[in-house]
Trainee: 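Right, I'll just put the structure down here and ask away after.
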2 protein chains.
Amino acid sequence: MPAPDFNLSDFLPYRLAVLTARVSKLLASIYEERFGLTMPEWRVMVHVARSEKVSIREIHNCVNLEKPSVSRAVAKLEEAGLLAKATSARDQRLVEIVLTPEGQKVLEALIPEALAVEARLLGALSEGEREQFSELMERLHRELDLNPDAPKRSAKDLPSSGSSRLPAE
Amino acid sequence: MPAPDFNLSDFLPYRLAVLTARVSKLLASIYEERFGLTMPEWRVMVHVARSEKVSIREIHNCVNLEKPSVSRAVAKLEEAGLLAKATSARDQRLVEIVLTPEGQKVLEALIPEALAVEARLLGALSEGEREQFSELMERLHRELDLNPDAPKRSAKDLPSSGSSRLPAE
DNA sequence: AGCATTTCGTTTCATATGAAATGATATTGA
DNA sequence: TCAATATCATTTCATATGAAACGAAATGCT
């Protein structure tokens, strides 16, 4: 019988879930407690900071959030004065989202703290090990990319398209 | 200004979250669609299969689920006839949970499929790389263990205590 | 031009989640 | 022995989530 031999603690999906949950909660304690933001709000903020005048759908496609989550996050951030929304002149269905100066300030305070959390974590790894870990995560991603049953990843999260700022238009 | 330089796609907590979400959803498509189980129910099942007569709290402590989630999962699994609940004779507050033969059957069908998902993923890595990835995840865990702000991990998920079956009493 | 289809963002609605409250039982200490 | 406290499982209750429905605007097709 195979059942009793199965050990959850050795099972890759579980191990990933447990590690990710710990890291996510630690990070959340920063942007929630200290800045009153939720995780979707945090992701929206950092995306809008990079590329201004973005639409809801673009954010949705880029930062792994469902459309309703983005819509709600944007609504709350506008309410809080951290970003501004305007309907596009060219296409009235679209919305153009930009950070307000206030939003800039919050992000400039928040990002160093987020990076500190990451730095502390990565401090447990040597430079070579960080690259190795990164490479192995990417390898797992590529395996998922080949699997038609696996959910797709956003284009923004592909290896080299992350940093380059091509307007794509 | 630090804000525009921050790239979410390179941020470790985000990368972990994205990878884990993909893997979790892929696995969920197995136990949900094919067996009608939720993730908490799946975790409860595999834990109960290893150590019988467990209480709600023990499951809670072992498989990274909140107490209400365990309670609800157990209720639904009992309803479905996959496990049986009885109040302990020694301590009437405790509940003793065991797998039914029907639950055994389900698990014996489900586990190979779960292992197949894992195997396909790990197929992207060589044996040495799997060990390396495992080691690096453990290193990140240990860093979190040192951080008082980070959530604790369950004793069951510590490196060597996973498999050994010491009654701890 | 005019109707069908697609693409937006938002809102429903049904479900999932977890912190706190609850009721029941055990344990502790005077 | 018997109150005070602690621990267990469950249940509330307020919030988060995402699939599907929705209305508005753009595009395609004839």
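Fair warning: this is a prediction, and the values are worked out from it, not measured in the lab. These numbers come from the heavy atoms of this one structure, side chains and all, not from hydrogens, waters or symmetry mates.
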Trainee: For the side chain of Lys67(A), counting heavy atoms from C-beta on, which of dT10(D), dC8(D), dG9(C) is nearest?
Mentor: dG9(C)
Trainee: What's the NE2-P distance between His60(B) and dT10(D), to the nearest Å?
Mentor: 13 Å
Trainee: Without decimals, in angstroms, what is the distance between Glu41(B) CD and dT15(C) P?
Mentor: 14 Å
Trainee: In Å and rounded to the nearest 0.5 Å, what is the CE to OG1 distance from Met137(A) to Thr20(B)?
Mentor: 9.0 Å
Trainee: Distance check needed: dG9(C) C1' versus Glu78(A) CD, whole Å only.
Mentor: 13 Å
Trainee: Is any side-chain N or O of Ser69(A) closer than 4.0 Å to OP1 or OP2 of dA16(D)?
Mentor: no
Trainee: Closest approach to the side chain of Ile56(B), judged atom by atom: which nucleotide of dA24(C), dA9(D), dT6(C) is it?
Mentor: dA9(D)
Trainee: With a cut-off of less than 4.0 Å, is there a side-chain N or O of Ser71(A) near OP1 or OP2 of dT10(C)?
Mentor: yes
Trainee: Between Glu127(B) and Arg130(B), is there a salt bridge with N-O shorter than 4.0 Å?
Mentor: yes
Trainee: Less than 4.0 angstrom between a side-chain N/O of Thr38(A) and OP1 or OP2 of dA16(D), yes or no?
Mentor: no
Trainee: So do Asn61(B) and Lys156(B) actually touch side chain to side chain, heavy atoms under 4.5 Å?
Mentor: no
Trainee: Give a yes or no on whether a salt bridge exists between Glu135(A) and Arg139(A), defined as a side-chain N under 4.0 angstrom from a carboxylate O.
Mentor: yes
Trainee: Out of dA25(D), dG18(D), dG18(C), which has the shortest distance to the side chain of Glu66(B)?
Mentor: dG18(C)
Trainee: Looking only at side-chain N and O atoms, does Arg57(A) come under 4.0 Å of OP1 or OP2 in dC8(C)?
Mentor: yes
Trainee: Tell me: CH2 of Trp42(B) to C1' of dA16(C), nearest whole Å?
Mentor: 20 Å
Trainee: Quick check on DNA chain C: between Leu94(A) and Lys25(A), whose nearest nucleotide comes earlier from the 5' end?
Mentor: Leu94(A)
Trainee: Compare all side-chain heavy atoms of Arg15(B) with those of Phe11(B) and state whether any distance is below 4.5 angstrom.
Mentor: no
Trainee: 5'-most contact on DNA chain D: Pro68(A) or Ser88(A), nearest heavy atom basis?
Mentor: Pro68(A)
Trainee: Quick one: does Arg72(A) reach the base of dG9(C) with a side-chain donor-acceptor pair under 3.5 Å?
Mentor: no
Trainee: Take atom CG of Asn61(A) and atom P of dC8(C), then tell me their distance rounded to the nearest Å.
Mentor: 8 Å
Trainee: Within this structure, what is the CG-to-C1' distance between Asp91(B) and dA9(D), rounded to whole angstrom?
Mentor: 11 Å
Trainee: For Pro40(B) and for Val95(A), locate the closest nucleotide of DNA chain C by heavy-atom distance; then report the residue assigned to the nucleotide nearer the 5' terminus.
Mentor: Val95(A)
Trainee: Looking only at side-chain N and O atoms, does Ser55(B) come under 4.0 Å of OP1 or OP2 in dA9(D)?
Mentor: yes
Trainee: Atom CZ of Arg93(A) to atom C1' of dC8(C): distance rounded to whole Å?
Mentor: 5 Å
Trainee: Nearest-Å distance, CZ (Arg90(B)) to P (dT7(D))?
Mentor: 17 Å
